[in-house]
Q: 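Before we start, here is the structure in question, set down as structure tokens.
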Amino acid sequence: MNRSEIKKQLDEIIQAYGKNGHIENYCGKSFITDLEMDSVSLMEIISDIEDGFKIIFGLDVNLIELFDNYDKVLEYLYKKMGVC
């Protein structure tokens with residue numbers, strides 16, 4: 001999987017839970033403030049990311065800090081998927 005495929009899949013997952021309709025560019029967006037995600041939506045997104053990318057967020061990952069910003073999640077996925 002390359003960078004654009006990872007980004008596209010992540011965008012599709014987020015889009016399924018967004019309350020603001022379709023957003024063209026999630027870069028720099030906060031999941032909570034900008035995308036208006038609640039805790040249930042975030043947990044569902046995390047689960048969908050784990051399922052979709054076949055990864056597991058370990059106990060060493062601060063999910064609150066990671067999911068504060070779309071760019072952080074995307075960079076995390078690039079590293080986790082071995083696409084740097």
Side-chain angles (χ1 to χ4, degrees):
M1 202 175 237
N2 64 36
R3 283 179 167 257
S4 64
E5 292 169 329
I6 292 170
K7 184 178 185 314
K8 181 179 182 227
Q9 187 170 342
L10 177 60
D11 289 355
E12 289 171 356
I13 291 169
I14 294 168
Q15 198 171 14
Y17 297 97
K19 296 179 182 176
N20 289 340
H22 179 71
I23 296 176
E24 284 296 318
N25 188 356
Y26 292 108
C27 293
K29 302 284 188 210
S30 163
F31 282 81
I32 297 167
T33 306
D34 298 320
L35 303 178
E36 299 180 5
M37 303 273 177
D38 59 18
S39 59
V40 174
S41 296
L42 285 174
M43 294 308 295
E44 289 173 339
I45 287 172
I46 290 167
S47 176
D48 285 356
I49 289 172
E50 288 182 331
D51 292 345
F53 290 99
K54 307 293 187 246
I55 64 166
I56 295 175
F57 290 101
L59 296 175
D60 60 328
V61 177
N62 183 336
L63 293 176
I64 294 170
E65 185 178 305
L66 180 64
F67 280 85
D68 176 54
N69 185 286
Y70 171 88
D71 300 333
K72 291 179 184 178
V73 174
L74 189 59
E75 282 300 316
Y76 177 86
L77 288 173
Y78 289 157
K79 289 178 186 172
K80 195 79 167 167
M81 301 296 291
V83 181
C84 295

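Reckoned from all heavy atoms, side chains included, excluding hydrogens, waters and symmetry mates. In this chain, residues are counted from 1 in sequence order.
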Q: Can you list the steps and then say if Glu75 with Lys79 is a salt bridge (charged side-chain N to carboxylate O under 4.0 Å, His left out)?
A: CA-CA 6 Å; Glu75 282 300 316; Lys79 289 178 186 172; 5.5 Å; no
Q: Check whether any side-chain N or O of Glu50 sits under 3.5 Å from a backbone N or O of Ser47 as a donor-acceptor pair, and report yes or no.
A: no
Q: In terms of heavy-atom contacts, does NZ of Lys8 have more than 12 from other residues, nucleotides or ligands at under 6.0 Å?
A: no
Q: Looking only at heavy atoms, what is the nearest atom pair of Lys7 and Leu74, with distance?
A: CA-CD1, 3.8 Å
Q: Sort out for me which residue in Val73, Leu66, Asp71 forms a side-chain contact (heavy atoms from CB on, under 4.5 Å) with Asn69.
A: Asp71
Q: Between Ile56 and Tyr76, what is the shortest heavy-atom contact and its length?
A: O-OH, 4.2 Å
Q: How close do Met1 and Val83 get, heavy atom to heavy atom, and via which atoms?
A: O-CG2, 3.1 Å
Q: Just grab all the ring-ring contact (aromatic ring centres under 6.0 Å, His included) pairs involving residues 30-55, residues at least two apart or on different chains.
A: Phe31-Phe67
Q: Got a second to check how far Glu44's CD is from Ser39's OG, nearest 0.5 Å?
A: 9.5 Å
Q: How many angstroms lie between atom NZ of Lys54 and atom CE of Met81, to the nearest 0.5 angstrom?
A: 9.5 Å
Q: Would you sort out whether Leu35 and Tyr70 count as a side-chain contact (heavy atoms from CB on, under 4.5 Å), showing the intermediate values?
A: CA-CA 10 Å; Leu35 303 178; Tyr70 171 88; 5.7 Å; no
Q: Return the set of residues passing salt bridge (charged side-chain N to carboxylate O under 4.0 Å, His left out) with Asp48 (not counting sequence neighbours), or none when no residue passes.
A: none
Q: From Thr33 OG1 over to Asp68 CG, what is the distance, rounded to the nearest 0.5 angstrom?
A: 7.5 Å
Q: Go through the side-chain N and O atoms of Asp38 and Tyr17 and say whether any donor and acceptor fall under 3.5 Å apart.
A: no
Q: Using the side-chain contact (heavy atoms from CB on, under 4.5 Å) rule, take Met37 and Ile14 through it: C-alpha gap first, then chi angles, then the decisive distance, then the call.
A: CA-CA 10 Å; Met37 303 273 177; Ile14 294 168; 3.9 Å; yes
Q: Going from CD on Gln15 to CG on Leu10, what distance comes out if it is rounded to the nearest 0.5 angstrom?
A: 11.0 Å
